[in-house]
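This report concerns only the one structure given below.
Naming convention: chains lettered A, B, ... in sequence-line order (proteins, then strands); numbering from 1 in each chain. As the structure is a computational prediction, the values presented were derived from the model and not from experiment. All heavy atoms count here, side chains included; hydrogens, waters and symmetry mates do not.
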Amino acid sequence: MKVVVLIKQTPDTAELPKVSADDVRAGKVKATMVINPWDEYAAEEAIQLGDRFDFDSVAISMGSPEAVEALKHALAMGVGAAALVDNTALTGGDLFTTADALAAAIAAQGAVDLVLCGKQSVDDNGGAVYAGVAVKLGWPLVTGVTKIVDVANGRITVERLVEGGQEVLSVPLPAVVSVGKEINDPRYPSFMGIRKASKANIPATAAASLGVASGAGRTSWTNVRKPEERKSKVVMIDGASAQEKAAKLADALIAEKVI
Amino acid sequence: MSVLVWVEQTKSGPVASSWEVLGKGRQLADALGTQLVAAVIGGETAKTAEEATKYGADEVLTLTDGALADYRLSAYAAALTQAVGAAGATVVLAAGTTRGREVTAMVAAQLGAGLAPDAIDLKVDGGKLVAVRSVYSNNILADIVYSSAVQVASVRPRSFPMPEAGAAKGAVKAVAPNLGAVAEQIVEVRSTDTGEVSLTDASKIVSGGRGVAQDPAKGFALITELAGVLGAAVGASRAAVDAGYIPYKYQVGQTGKTVKPDLYIAAGISGAIQHLAGMGGSKVIVAINKDAEAPIFEKASYGIVGDLYEVVPALTTEFKKRIG
Ligand SMILES: Cc1cc2nc3c(=O)[nH]c(=O)nc-3n(C[C@H](O)[C@H](O)[C@H](O)COP(=O)(O)OP(=O)(O)OC[C@H]3O[C@@H](n4cnc5c(N)ncnc54)[C@H](O)[C@@H]3O)c2cc1C
Ligand SMILES: Nc1ncnc2c1ncn2[C@@H]1O[C@H](COP(=O)(O)O)[C@@H](O)[C@H]1O
C-alpha cells in the first residue's frame with residue numbers, strides 16, 4: 001500500500017510578523033522557509049503507517065525549487081521518497097489550482113491508497129486545499145483526524161474531533177485525510193536521516209506538464225495589506241495590593257462596557 | 001440569483017455564529033438586490049427553520065433525511081450543493097466552524113466555484129462578492145475577488161454582530177435530499193459537550209500560561225473560577241498545553257484557535273508571537289504577569305504586574321462584588 005503525504009514549505013512562524021505586503025504581492029516572502037508545522041504531523045503519521053501497515057510513503061510538495069528543502073525534512077524524518085511540483089512558471093492560480101496540480105501529481109504516482117495532509121498552512125490558512133484534492137480525485141475526505149485506528153478490508157477507520165464531540169468514522173480507501181496535532185509527536189530528523197536526505201534524488205515536474213495552466217484561479221487576492229497595529233497604549237494598573245489593583249481593573253473594564 | 005446561508009445545527013440546536021452570517025447575508029442580499037435564502041440540513045429541521053425565518057431569511061430551504069441525522073461531510077456537502085441549485089445561489093456562506101469550513105470547501109470544489117475560507121469581512125463591489133481574509137496567521141489582510149459565477153465563503157465566528165430576531169417572514173420550503181452513496185460510516189459518536197462556552201464563540205476569555213507552573217491545578221482552578229464569574233471561556237497558551245496542564249482544545253494561537261472576544265485576560269502568558277497570532281484581534285486585552293518586561297504588555301490594553309495566584313482570585317472577588 002502507498003501513502004502520499006502533502007508537504008508545503010512555509011515561512012518560519014516566528015518570522016510571520018515581518019512578512020511585508022509587498023513580498024506577499026510579489027509572491028516571494030523574505031523569511032526563513034521551513035516545513036509547514038502542521039505537515040510534520042502528517043509526515044510522522046505516514047512513517048508510522050509504514051511500521052504499522054507496511055505502507056510505502058512519498059512526500060509531494062508544490063512550490064519553487066527551494067521547496068525541496070521541506071521535502072528533505074520529510075525524508076530525513078523517514079518518509080520513503082519525495083517529488084516536487086515546480087510552480088515557478090505558474091501564475092494566476094488559487095488554492096484549487098494547487099489542489100488540481102497536487103491531485104495530478106498523486107495520480108502520477110500510480111496506485112495510491114491514502115493521502116495525508118496537515119490541518120492548514122501557516123501562510124494561506126485555508127484548510128481547504130485537501131478538499132480540492134479529494135474532489136478532483138473523487139475520493140472521500142476526513143479532516144481533523146486525531147488517530148488512525150485501523151486500515152483493513154479496503155477501509156480506514158479514524159477518530160476525529162469536532163465541536164462538542166469526538167467521532168469514530170470509517171471510509172473506503174483510497175481516501176484523503178487531514179490530521180490534527182493530537183495525532184502524534186513528530187520526530188526530529190536523525191543525523192543519519194539528514195545525510196540520506198541530502199543525497200536523495202527528488203524529481204521535479206513543472207505544473208504545466210501535469211495539465212495545470214496559468215490563470216486558472218477562481219479567486220485572486222487584491223489590496224494585500226498589513227492589519228492595523230493596535231494603537232491603544234497599555235494602561236498599567238498600580239496599587240499597594242493585589243486587591244487594590246483588582247478593584248481598579250474591575251472598574252475600568254466595567255467602564256469600557258466589556259463586562 | 002440569491003444569497004444562500006447554511007444555518008448549521010448540532011444536537012443542541014442551531015450554531016450561534018450561523019445567525020451572525022445570516023445577519024450579514026441580509027445586508028449583502030440587499031446590496032445585490034437579491035433574495036436571502038437559508039438552508040437547514042438534518043434529520044430534523046423544523047425548529048431551526050422556524051428560527052431562521054425570524055433572522056431575516058426571505059426563504060428557508062429544509063433538507064431533511066434520516067441519513068442526515070448524524071453529520072457526515074459527503075452527505076452534508078451533497079445536500080448543500082443541492083440547495084445552491086434549488087436557490088439559484090450565486091453567493092454561498094456558512095459560519096467558519098470546523099464543519100462549516102469543510103462543507104463550504106467541498107461545495108466550492110464540487111461546483112467549480114471560488115472559495116474564501118474563514119473570511120473576516122464581506123462586502124459587495126460591482127455586483128460581486130468581496131471577502132476579506134486574514135492570512136499569514138493574522139499578519140496580512142487580503143481582499144478575495146472572484147472570477148467564478150458562484151462565490152463561496154466561510155466566515156470566522158464573531159466577525160459580525162448577532163442580528164436582532166424579528167417577526168417571522170420567510171416561507172419554509174422542503175427540498176427532498178438526493179444524497180447518493182455516503183462514503184462515511186459512523187462507528188461511534190462520543191459527546192464531549194460539557195456545556196462550556198466554546199472558545200471561538202466566546203465574548204470573554206480568561207487564559208493561563210506557563211506562569212501557573214508552580215501549582216498548575218490550582219492555577220487553572222483559579223482561572224476557571226474567574227471565567228465562571230465573568231461567563232467567560234477558559235483558554236491556554238501552548239506552553240501550558242504542552243506541559244499537560246490543560247488539554248489541547250483550549251489552546252489559543254497559531255497552532256491552536258483564533259479567537260476574537262471583547263475581553264481577553266492573559267494570566268502568566270509571556271505574549272509570544274504565536275500566541276498573539278491567535279488573540280491579537282481581541283477588543284480589550286488584559287495582561288497579568290509578574291515580569292514587568294513581558295512582551296504581552298506591549299499588546300495589552302490593561303496590565304497588572306503581579307503574581308497571578310494573588311491577582312486572579314482578587315479579580316474574582318471584585319467582579320463578584322460588582323456583578324454578583
Ligand atoms: C510552530 C509553533 C507554533 C506555536 N503555536 C503556538 C500557539 O498556538 N499558541 C501558543 O500560545 N504558543 C504557540 N507557540 C509557542 C510560543 O512560541 C511560546 O512558546 C508560548 O506561547 C509560551 O507560552 P507561555 O507564555 O505560557 O510561556 P512562557 O513564555 O514561559 O511565559 C510564562 C509567563 O508567565 C509569567 N509568570 C510566571 N510565573 C508567574 C506568576 N506566578 N504570576 C504571573 N505571571 C507569571 C512569566 O513572567 C512569563 O512571562 C508556538 C511555537 C511554534 C514554534
Ligand atoms: N503547495 C502545497 N504543496 C503540498 N501540499 C500542500 C500545498 N498547499 C497545501 N498543501 C497541503 O494542504 C494542507 C492544507 O493547506 P491550506 O489549504 O493551504 O491551509 C497543508 O497542510 C498541506 O498538507
Is it the backbone or the side chain of A/Ser20 that comes under 4.5 Å from a heavy atom of chain B, or both, or neither? backbone
Would you name the heavy atoms of B/Lys204 and A/Ile259 that are closest together and state the gap between them? CE-CA, 4.1 Å
Among A/Asn223, A/Thr219, A/Thr222, which one satisfies side chain to side chain contact (heavy atoms under 4.5 Å, CB included) with B/Ile144? A/Thr219
Contact part of B/Ser134 toward chain A, heavy-atom cut-off under 4.5 Å: side chain, backbone, both or neither? backbone
Find the one option among B/Ala272, B/Gly112, B/Gly306 whose heavy-atom pairs under 4.5 Å with chain A are most numerous. B/Gly112
Salt bridge (Lys or Arg N to Asp or Glu O under 4.0 Å) evaluation trace for B/Arg72 with A/Glu167: CA-CA 10 Å; B/Arg72 282 174 297 175; A/Glu167 48 190 41; over 6 Å; no
Identify which part of A/Val129 has an atom lying under 4.5 Å from any heavy atom of chain B, answering side chain, backbone, both or neither. neither
Between A/Arg218 and B/Ala108, the two heavy atoms sitting closest are NH1-O, 3.5 Å
Identify which part of B/Ser74 has an atom lying under 4.5 Å from any heavy atom of chain A, answering side chain, backbone, both or neither. neither
Honestly, the part of A/Arg25 sitting under 4.5 Å from a heavy atom of chain B is neither
Can you say whether B/Val132 sits under 4.5 Å from chain A via the side chain, the backbone, both, or neither, judging by heavy atoms? side chain
Contact winner vs chain A - B/Arg101, B/Glu298, B/Glu310, heavy-atom pairs under 4.5 Å: B/Arg101
Considering all heavy atoms of both residues, which atom of A/Leu141 and which atom of B/Met106 are nearest to each other, and what is their separation? CD2-SD, 3.9 Å
Using non-hydrogen atoms only, which part of A/Asp251 is less than 4.5 Å away from chain B: side chain, backbone, both, or neither? both
Specify which of B/Thr316, B/Thr317, B/Val305, B/Asp307 makes the most heavy-atom pairs with chain A at under 4.5 Å. B/Val305
Of all heavy-atom pairs between A/Trp38 and B/Gln254, which one has the smallest distance, and what is that distance? CZ2-O, 4.1 Å
Is it the side chain or the backbone of A/Glu182 that comes within 4.5 Å of chain B heavy atoms, both, or neither? side chain
Where is the tightest heavy-atom contact between B/Pro117 and A/Gly126, given as atom of each residue plus distance? CB-O, 3.4 Å
Which atoms of A/Lys233 approach chain B - backbone, side chain, both or neither, heavy atom under 4.5 Å: backbone
Contacts of B/Tyr71 meeting ring pair (Phe, Tyr, Trp, His ring centres under 6.0 Å) (sequence neighbours excluded), chain-then-number -> B/Tyr76
Determine, for A/Lys257 against B/Asp262, whether the closest basic-nitrogen to carboxylate-oxygen distance falls under 4.0 angstrom. no
Taking B/Val145, B/Asn138, B/Asp70 one by one, which has the highest count of heavy-atom pairs under 4.5 Å against chain A? B/Val145
Against chain B, label A/Ile237 side chain, backbone, both or neither, depending on which of its atoms sit under 4.5 Å from a heavy atom there. both
Among B/Ala116, B/Gly231, B/Gly303, which has the most heavy-atom pairs under 4.5 Å with chain A? B/Gly303
Chain A: which of B/Ser137, B/Gly281, B/Gly114 shares the most heavy-atom pairs with it under 4.5 Å? B/Ser137
Tell me, side chain or backbone of A/Val135 under 4.5 Å from chain B's heavy atoms, or both, or neither? side chain
Looking at every non-hydrogen atom in both residues, tell me the closest pair between A/Asn125 and B/Arg133 and how far apart they are. O-NH2, 3.1 Å
Using non-hydrogen atoms and a 4.5 Å limit, figure out which bit of A/Ala175 sits close to chain B: side chain, backbone, both or neither. neither
Output the residues of residues 287-295 of chain B for which the shortest heavy-atom distance to chain A is under 4.5 Å, in residue-number order; output 'none' if no such residue exists. none
